[in-house]
Amino acid sequence: MSPADGPRAGDTRARLRAIREAEPGPGTIAYFDYDGTVIDGYSAGAFYRKRLREFDVGPVEMVRTVLSGMRGIRTDDDFKEFLAITLATWKGRSEEELHTLGRRLFRDEIAGALHPEVWELVAAHQEQGHQVVMASSATRFQVQPMAEELGADRVLCTELEVRDGVLTGRVAGTSLWGTGKADAVRADAAAHDVDLADCFGYANGTEDAEFLSAVGHAVAVSPTDSLRALARRQGWPVLDCAPRGGLFPSLTDVARTAVFYGGMAGGLAAAAGAGLLHGSRRRFVDMAGGVGSDIAFGLAGIDVEVTGAEYLHSARPCVFVFNHQSKFDVPVMMKLLRESFTGVAKKEAAQIPVWGQLFWIADVAFVDRGNTRAAREALQPAVDKLRDEGISLVIAPEGTRSATPRLGPFKKGAFHIAMQAGVPVVPVVIRNAGEIMWRGAQTLRGGTVQVTVLPPVDTSSWVPEDAGKYAEEIRDRFLDTLSAWPERRIVQEGDR
């Protein structure tokens with residue numbers, strides 16, 4: 001089961017219901033702690049691991065960091081000591097340099113630790129017109145990228161002193177740990193003329209007990225044992241989020257991944273035999289996609305739940321477009337489409353073991369995204385196959401995997417191809433493949449991938465100069481589908 005289907009789903013539904021029962025409008029503020037609440041784990045770890053990879057950590061600092069971690073952060077003095085270690089390493093560096101580093105680490109590491117349950121809570125608050133505020137003891141370099149991704153209204157965090165664009169190694173004002181965060185939240189609500197009794201607060205540790213006590217609707221998110229006990233005494237609801245993995249995947253996930261790829265390899269072997277028997281490379285590719293994915297998904301205990309499955313076949317040949325969340329999107333599309341399709345991939349994908357070789361056999365068009373002319377030339381064989389051989393094409397119009405569930409902008413290439421070939425576009429909306437395989441992960445989790453296939457879009461009246469407009473219109477259909485997913489509609493119906 002996925003988090004959307006499992007025992008945690010009831011917790012999420014209850015929290016969504018509470019949000020929708022709250023007074024709409026900006027007079028309600030939702031305050032979200034960051035580390036351990038919005039994300040699984042701590043953003044500071046990504047910064048520290050980066051320095052370790054670059055051999056930028058001396059023995060004295062390493063000993064101090066290890067001792068601080070073993071002791072834990074239980075008091076304001078503990079936090080100040082831990083922060084001082086970080087600030088000493090940042091002293092003298094430019095503010096812009098650290099903002100750039102924060103954005104890069106967010107994209108490459110931190111975003112993959114986002115709790116999808118919290119993403120839904122933020123979206124529900126925004127649908128109600130509530131203000132969303134990140135309230136964290138971390139620095140702006142750590143918090144700001146996630147705040148922008150969530151569409152938060154503002155950030156309350158530990159600000160650092162900057163002179164002439166360079167960090168001095170000191171805190172500007174008060175750090176937002178413990179009482180500091182509670183005071184900042186009170187001041188923020190007062191500045192916006194909002195009653196905290198109408199506000200929501202989300203946090204995971206007892207250091208935020210004062211902050212949670214200040215709001216009218218406190219929620220303990222994946223809480224520590226001490227906060228869980230406090231929440232029980234205070235009557236605060238608890239939201240347990242699905243763990244997002246970590247540096248060391250579980251043995252279960254390793255085993256699941258092994259049987260998945262073993263099943264895929266078995267399907268490939270059977271497909272190769274059939275291809276040789278019939279003298280057909282296309283027969284090999286179709287069986288590899290269909291039979292191989294069936295075996296692999298079955299052995300790994302991963303299901304695909306499809307709404308609108310009839311549209312997978314009714315308009316072929318066509319251009320299938322899908323939102324790209326995870327490396328697992330590719331086997332999902334193989335299982336859905338099964339036969340008579342090929343794809344488009346960035347040229348680097350040709351080097352992926354097994355998949356790269358399969359892509360070559362399947363006549364996947366490898367595109368150099370940095371060379372527009374070369375990309376058009378690489379796509380021409382796919383256009384010819386669409387028009388002359390009836391082979392459908394699969395493209396992710398975002399061009400690259402999203403760092404979070406947020407849908408990225410759509411490029412125009414897929415829609416130009418549909419126009420050139422004179423075929424319809426079929427949108428395939430994938431909701432939660434990222435919960436099966438996180439961005440950057442190498443192992444799989446069990447669960448159910450939810451997919452909605454939308455009706456084909458006729459392109460016969462399209463003109464090339466309006467390709468950007470068509471791309472936006474199709475993207476809007478994805479956004480509408482994701483925001484009104486059946487599970488969310490069930491919650492709303494239950495509210496009435």
Side-chain angles (χ1 to χ4, degrees), residues 271 274-275 278-294 304 306-324 329-346 349 355 358-367 375-399 410-430 451-464 466-467 470-471 473-475 477-478 481:
H278 295 277
S280 168
R281 186 170 71 167
R282 173 47 55 182
R283 176 66 66 91
F284 163 70
V285 172
D286 290 347
M287 283 196 66
V291 176
S293 61
D294 284 346
V304 180
V306 186
T307 301
E310 63 271 21
Y311 301 128
L312 291 170
H313 308 283
S314 63
R316 295 196 190 193
C318 62
V319 173
F320 290 101
V321 292
F322 68 96
N323 53 317
H324 199 10
D329 296 331
V330 172
V332 168
M333 293 302 295
M334 290 172 61
K335 182 171 177 61
L336 291 174
L337 302 183
R338 308 191 68 80
E339 61 185 12
S340 299
F341 72 92
T342 188
V344 175
K346 59 184 180 181
W355 291 112
L358 183 59
F359 290 164
W360 276 113
I361 295 170
D363 291 325
V364 165
F366 293 105
V367 175
R376 283 198 295 266
E377 293 173 355
L379 288 172
Q380 188 57 48
V383 175
D384 295 340
K385 284 182 176 293
L386 266 168
R387 188 165 45 210
D388 304 332
E389 300 179 33
I391 302 297
S392 294
L393 189 64
V394 184
I395 305 179
E398 292 166 280
F410 278 13
K411 295 177 171 61
K412 296 181 286 188
F415 310 101
H416 277 297
I417 290 171
M419 281 185 276
Q420 291 175 43
V423 299
V425 170
V426 177
V428 180
V429 188
I430 303 173
V451 177
T452 292
V453 187
L454 302 181
V457 178
D458 182 19
T459 66
S460 59
S461 63
W462 284 10
V463 292
D466 287 339
Y470 307 138
E473 290 174 351
I474 299 296
R475 183 175 182 273
R477 297 190 186 199
F478 276 78
T481 303

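For the numbers below, each heavy atom of this structure counts, side chains included, while hydrogens, waters and symmetry mates do not.
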Open item on the list: If the condition is side-chain contact (heavy atoms from CB on, under 4.5 Å), which residues does A418 pass it with, not counting sequence neighbours?
Closed with: V319, V423, V425, T459
Task: From CG (L386) to CD1 (I417), nearest 0.5 Å - done: 7.5 Å
- [ ] Kindly indicate whether the side chain of V429, heavy atoms from C-beta on, has any atom under 4.5 Å from the side chain of V451.
- [x] no
Open item on the list: Checking the side chain of E398 only, and the main-chain atoms of H324 only, is there a donor and an acceptor separated by less than 3.5 Å?
Closed with: yes
- [ ] Supply the atom-to-atom distance T452 OG1 to R477 CZ, rounded to the nearest 0.5 angstrom.
- [x] 14.0 Å
Task: V321 side chain near V428 side chain, heavy-atom distance below 4.5 Å - done: no
- [ ] Might you point out which heavy atoms bring R316 and L337 nearest each other, and give the distance in Å?
- [x] NH2-O, 2.8 Å
Open item on the list: Give me the atom names and distance for the closest heavy-atom approach of L312 to F320.
Closed with: O-CZ, 3.4 Å
Task: 4.5 Å side-chain heavy-atom contact, L336 and V304 - done: yes
Open item on the list: Under the criterion side chain to side chain contact (heavy atoms under 4.5 Å, CB included), I'd like the reasoning laid out for V306 against V453: C-alpha separation, chi angles, the key distance, then a yes or no.
Closed with: CA-CA 7 Å; V306 186; V453 187; 4.0 Å; yes
Task: Note, I474 side chain near F410 side chain (heavy atom, < 4.5 Å) - done: yes
Task: Partners meeting side-chain contact (heavy atoms from CB on, under 4.5 Å) with P424 (sequence neighbours left out) - done: A315, C318, P456
TODO: Let me know which of M419, H416, R475 forms a side-chain contact (heavy atoms from CB on, under 4.5 Å) with Y470.
DONE: M419
- [ ] Please confirm whether the backbone N or O of A467 pairs with a side-chain atom of K412, one donor and one acceptor, at under 3.5 Å?
- [x] no
TODO: Taking all heavy atoms of P427 and all of F478, pick out the closest pair and write down the distance.
DONE: CB-CE1, 3.5 Å
Task: Contacts of type side-chain contact (heavy atoms from CB on, under 4.5 Å), residue D458, not counting sequence neighbours - done: S460
TODO: Give a yes or no on whether R387 atom CZ has more than 12 heavy-atom contacts from other residues, nucleotides or ligands under 6.0 Å away.
DONE: yes
Open item on the list: Using side-chain heavy atoms (C-beta onward) and a distance below 4.5 Å, is D329 in contact with F322?
Closed with: yes
TODO: Nearest 0.5 Å please: distance from the CZ atom of R338 over to the OG atom of S293.
DONE: 5.5 Å
TODO: Begin with the C-alpha distance, continue with both residues' side-chain angles, and end with the deciding distance and a verdict on side chain to side chain contact (heavy atoms under 4.5 Å, CB included) for I395 and F415.
DONE: CA-CA 10 Å; I395 305 179; F415 310 101; over 6 Å; no
- [ ] Of all the heavy-atom pairs spanning F341 and V394, show the shortest one and how long it is.
- [x] CD1-CG2, 3.8 Å
